[in-house]
Protein chains: 2
Amino acid sequence: MAKAKKKAQPVILITNDDGISSPGIRALIEAVKGLGKVVVVAPDKPQSGMGHAITIGQPLRLHPMHIFEGVEAYQCSGTPVDCVKLAVDKVLHRKPDICLSGVNHGPNHSINVIYSGTMSAALEAAIESIPSIGFSLMDYSIEADFTAAQKYARILVEQILNKPLDKHLCLNVNIPGIPESLIKGMKVCRQAYAKYEEEFAERKDPRGHNYYWLTGEFVNFDKGKDTDVWALKNNYISVVPVQFDLTHYTLKAKLEKVLHN
Amino acid sequence: MAKAKKKAQPVILITNDDGISSPGIRALIEAVKGLGKVVVVAPDKPQSGMGHAITIGQPLRLHPMHIFEGVEAYQCSGTPVDCVKLAVDKVLHRKPDICLSGVNHGPNHSINVIYSGTMSAALEAAIESIPSIGFSLMDYSIEADFTAAQKYARILVEQILNKPLDKHLCLNVNIPGIPESLIKGMKVCRQAYAKYEEEFAERKDPRGHNYYWLTGEFVNFDKGKDTDVWALKNNYISVVPVQFDLTHYTLKAKLEKVLHN
């Protein structure tokens with residue numbers, strides 16, 4: 001009987017891009033305590049901005065870590081996407097029931113979904129038919145308050161475990177960096193067309209050679225009230241369902257007229 | 001008068017993910033000779049599988065390279081996406097009229113668009129309102145024959161320079177690895193749901209510790225005749241327009257019903 005109970009427990013895979021020692025991943029593990037068997041496979045170092053990178057030119061390492069009480073955890077030498085792939089093949093030997101990524105230190109709304117290691121790990125799971133959610137808190141501080149993120153993460157995870165909606169479900173969830181009492185709730189949104197206008201800071205090394213630091217100013221070109229940027233500005237948690245079919249169907253139709261005759 | 005003529009010449013930015021010394025980028029430069037002023041900014045080392053990664057934790061280097069006759073070229077220490085960003089801000093000081101990426105050694109159809117540094121560079125340009133095309137030849141050999149890739153690259157670049165269709169246009173073009181005479185033409189497609197079923201090869205280092213190499217078998221779950229995989233199998237060049245709005249609109253509508261009440 002105990003065995004049957006154990007078998008029915010959902011498996012929750014947790015990863016992130018800030019690395020296994022970041023406060024955000026600890027907050028996420030605590031948030032879902034008791035909802036299933038949690039297994040952690042996360043990068044051994046920060047992997048922000050790694051997008052959907054995978055490691056093909058060199059091998060990967062995987063080490064067990066005893067840093068979360070009562071939770072099986074491994075650090076991986078690769079990218080967030082590598083973590084998901086390795087977890088399924090070499091740690092779990094099965095697909096988990098859900099994959100969670102984060103909580104990221106800093107926002108991943110609008111175009112950031114494309115650069116984000118946090119969201120790419122979640123999207124990788126969705127490609128593998130594992131429902132997934134990436135969480136990002138709009139607060140870069142190491143002392144950030146994860147109370148609201150934890151509360152809503154638990155609500156969402158319970159809901160998706162109960163009814164996954166789609167095997168390829170992938171949610172991009174951003175939480176405003178404000179006290180929980182000010183949050184108005186969750187809002188399903190589309191990704192805003194907002195991006196960084198880059199400007200590289202130019203410096204000289206001691207030998208007189210130039211080097212460049214990526215910097216940029218965030219600019220929102222999208223005034224829609226159905227966007228994640230709008231929701232976050234108005235104290236909502238933004239929830240954007242993300243897809244991996246990148247086909248631009250509108251342009252496909254246009255292009256067919258130009259190329260097919 | 002000569003000055004006016006020069007000003008009207010379109011600027012063609014070329015990058016890739018195999019690195020500036022790969023035969024593929026040389027083939028692409030030759031293919032578009034005379035269509036505009038070509039400027040090359042490409043990675044100083046192979047960057048396959050880097051997806052949409054950007055470099056944020058360390059600075060970037062940029063060095064002029066005199067390896068392509070009569071062509072301004074730079075190698076960059078970063079990812080393919082970094083190359084596009086740096087090219088616009090620090091090399092061209094303007095947006096090019098078109099950005100080309102490749103020719104990649106190996107295919108980038110179906111789900112590969114997400115992992116591919118070649119396609120991520122092209123998509124980055126599209127985000128920046130620069131029409132772009134990524135080219136991939138289904139032949140990994142260093143001796144690969146780029147004749148067909150070059151012929152169709154030139155046709156497409158001329159067409160897009162003449163009529164860009166959309167400022168965010170991004171095309172994922174794959175060329176079958178067959179003699180040019182066997183190619184039936186170009187086919188506008190959607191991205192197939194086909195992916196790699198991963199299996200990591202497990203090895204032991206001399207100290208007895210495990211390490212893992214990513215391997216995988218390509219599996220096509222998508223039997224549609226409107227897909228890139230179908231087109232390539234049937235000796236067509238596949239042309240898939242790619243978008244950066246990752247919102248899953250169908251699931252958005254479903255999710256609204258679940259979360260908004």
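So you know, we letter chains A, B, ... as the sequences are listed, proteins then strands, and number each from 1.
- Panel note: side chain A:Y193, backbone B:I127; a donor-acceptor pair is recorded below 3.5 Å.
- Only the backbone of B:N210 comes within less than 4.5 Å of a heavy atom in chain A; its side chain stays farther off.
- Rounding to the nearest 0.5 angstrom, the gap separating the OH atom in A:Y211 from the CD atom in B:Q58 is 12.5 Å.
- Only the side chain of A:L171 comes within contact range of chain B, with heavy atoms under 4.5 Å apart.
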Pair B:F200-A:K85, side chain to side chain contact (heavy atoms under 4.5 Å, CB included): steps then yes or no | CA-CA 9 Å; B:F200 285 85; A:K85 286 181 187 290; 3.7 Å; yes

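- A:I54 places none of its side-chain heavy atoms less than 4.5 Å from the side chain of B:E198.
- A 4.5 Å side-chain heavy-atom check between B:V258 and A:V188 finds every atom pair outside the cut-off.
- Using a 4.5 Å cut-off between heavy atoms, A:L123 touches chain B through its side chain atoms alone.
- Residues of residues 158-166 of chain A lying under 4.5 angstrom from chain B, judged on non-hydrogen atoms, are A:Q159, A:L165, A:D166 in numerical order.
- Of the two parts of A:H209, the backbone and the side chain both hold a non-hydrogen atom closer than 4.5 Å to a non-hydrogen atom of chain B.
- In this structure, A:L246 CG and B:D245 CG are separated by 10.5 Å, a value rounded to the nearest 0.5 Å.
- No donor-acceptor distance shorter than 3.5 angstrom exists from the side chain of A:Q243 to the backbone of B:T250, with no hydrogens or angles considered.
- Rounded to the nearest 0.5 angstrom, A:W213 CH2 and B:I56 CD1 are separated by 10.5 Å.
- When heavy atoms are compared at a cutoff of 4.5 Å, A:V88 does not approach chain B at all.
- Here the shortest heavy-atom pairing between B:H248 and A:V242 reads CB-C, 3.9 Å.
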Under the side chain to side chain contact (heavy atoms under 4.5 Å, CB included) rule, what do A:V81 and B:Y115 come out as? Steps first, then yes or no, please.
-> CA-CA 10 Å; A:V81 171; B:Y115 304 100; 4.2 Å; yes

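- Contact annotation for A:L255: both backbone and side-chain heavy atoms come within less than 4.5 Å of a heavy atom of chain B.
- In this structure, no portion of A:S77 lies under 4.5 Å from any heavy atom of chain B.
- Here the CZ atom belonging to B:R61 is positioned 9.5 Å from the OH atom belonging to A:Y212, to the nearest 0.5 angstrom.
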Take B:M50 and A:M50, measure what side chain to side chain contact (heavy atoms under 4.5 Å, CB included) needs, and give me the verdict at the end.
-> CA-CA 8 Å; B:M50 279 308 275; A:M50 280 307 275; 4.2 Å; yes

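- A:D205 touches chain B through its side chain: at least one heavy atom from C-beta onward sits under 4.5 Å away, while N, CA, C and O do not.
- B:L60 places none of its side-chain heavy atoms less than 4.5 Å from the side chain of A:L214.
- Heavy-atom distances place both the backbone and the side chain of A:K252 under 4.5 Å from chain B.
- The OG1 atom of B:T215 sits 8.0 Å away from atom CG of A:D89, with the distance rounded to the nearest 0.5 Å.
- Only the backbone of A:Y196 comes within contact range of chain B, judged by heavy atoms closer than 4.5 Å.
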